Amino acid sequence: MSEKIDPWSSSDIKDYEHVFKEFGLNKFTDYDISDNYLFRRKIVIAHRDFDKIKEAINNKKLFLQMTGIASSGAFHLGHKLNIELFLAIRELGAKSLYGICDIDAYVSRDDKKIKSMEQAKEIAVDNVSDLLALGLEPHEIYVQSQKEKSYYQLTYEISKKITENMFRAIYGHQDLGKMSAVLLQMADILHIQLPENNNKTPTIVGIGIDQDPHARLTRDVTKRLNYDMELPSFIYYKMQKGITESTKMSSSDKNSAVFLTDNKQEIAKKINKAFTGGKISLEEQKEKGGDPNICKIYDIFSFHHKDDKFVENIYDDCKKGKLLCGECKQKCISFLNKFLEEHQQKKEKLKDVAKKIVYGK
Ligand code: SF4
C-alpha cells in the first residue's frame, strides 16, 4: 500500500523501509561521521546525496547547512529534535543558517490558526528565543519577512519552473497558500547559494521524514533553474510520535506534545497521562517486564536525554520488570522540568535579541 506523507499534517510513518523504497531515499549508514547522540542512537535514518557532504567534511571543505520551521505555534519536543540535528551538523563544520518562516506560517495555515501576519511574527519571536536559548547564534537565524530582494527574485524564478501538475503529483492538491509557502521554502534552501551569499556550495538540509515531498520538489526544480547551484542534499531523522496513544505529535493537539513553553503542572499532567508500554497490573509488569519499544515515556528519554547509560538502564530495567511506570514517569517529569526550567529562564533573557531578528530593529 502507498504510504501517504503530508508535510502539513504531522504524518504518522508506520513503515520506514516502505517509505525509503517508495520515494527513493537512501538508508543512512555513515554513523561514524559524528558522535552526537542523534547519530549514536540511529535517530538519523535516511539521506539524499549525503556523500557530497561527507566528502566536504572529510576534506575540511566549505559546506552549508540550512533548515527552518514555520512560525505557526510554540515549539514542541518534535521541533527540538530538528534543532538538535542542526546543532549536530554545525558541529561537523557547516556554515549554518536557520529560517523561521513567518510568511509560510501565515499563508499556509488556516485563518483560525494564524489570523494575521502580526500573529505569525509574535510566534516567530517566541521561536527565535527558543533557538537562541538552545545555542544558535543571532547571525545564524533569519525570518522570511526580513529577507532581501534577491531572495524574492529567486522565489519568482522558482515559480516559473513549477507546473500545476508537478505540484499536484507531489502534494495531491493545489492549495494556493501552500503553493506560495512551498516557493518560499525552496528559496530558503537555495538562496544561500546565490552569488551574493556563498555561490555554488554543497548544502545539507536536516528534516523530519514527513518533509520529504519538499525535498523531492526542491531537487527537481534546482535542476531546471538558470542558476549555477549544487543540488541540495538532505538528511532525515525519525519523527517523535505523540505522547498520547494517537501517535502523532502535533501543535494542534495540545495533549499530544510536550511544548517548550509548558509549566510544571502541564508537564505532570501530560506525563502522567502518557501512553506507556506498561502491563495492566504491577504484578504482571514485575513478572513479564514492560515494553519500552512502544512507550512514549521511553521515546522522550531516547530522543532527548543525552546520557546513553541512563537511557540504556531505563530500557533494560523496564524489560526486566525492575522499573515500573509510576517511578519511570517521575524520572521523566524531573528530567523535563529541569530542562524546561533552565531553558525558559535562558529564553526570557533573549527575548529582546529575538525581537530585533524578527522586526529588524
Ligand atoms: Fe515505559 Fe518506563 Fe513503563 Fe517501561 S517502565 S513501559 S519505559 S514508562
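Order of listing sets the numbers, starting from 1, for every ligand and every atom in it. Predicted model only: the values in this text are computed from it and were never measured.
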J.: With no hydrogens and no angle check, do the side chains of S150 and E196 hold a donor and an acceptor under 3.5 Å apart?
T.: yes

J.: Please list the nearest protein heavy atom to atom 2 (Fe) of ligand 1 with its residue and the distance rounded to 0.1 Å.
T.: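 Heavy-atom neighbour on the protein nearest atom 2 (Fe) of ligand 1: C328 SG, 2.4 Å.
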
J.: Heavy-atom contacts with C295 under 4.0 Å: which atoms of ligand 1 show up? List them by number with element.
T.: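 Result: 1 (Fe), 6 (S), 7 (S), 8 (S).
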
J.: About how many Å separate CZ of F63 and OG of S233, when rounded to the nearest 0.5 Å?
T.: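 If I round to the nearest 0.5 Å, the distance is 10.0 Å.
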
J.: Given I297, which partner from the list I333, I314, T276 fulfils the side-chain contact (heavy atoms from CB on, under 4.5 Å) test?
T.: T276

J.: With a cut-off of 4.0 Å, which atoms of ligand 1 are near a heavy atom of L323?
T.: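 Numbered from 1, ligand 1 contributes 5 (S).
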
J.: I want to know whether Y298 and Y315 have ring centres closer than 6.0 Å.
T.: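 Yes: the rings meet the under 6.0 Å criterion.
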
J.: Which residue holds the protein heavy atom closest to atom 3 (Fe) of ligand 1, what is that atom called, and what is the gap in Å?
T.: C325 SG, 2.3 Å

J.: Side chains of N26 and Y236: do they bring a donor and an acceptor to under 3.5 Å?
T.: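 On atom types as modelled, these side chains do not qualify, holding no pair under 3.5 Å.
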
J.: Between A274, G277, C318, which one has a non-hydrogen atom sitting closest to atom 7 (S) of ligand 1?
T.: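 Among A274, G277, C318, the closest heavy atom to atom 7 (S) of ligand 1 belongs to C318.
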
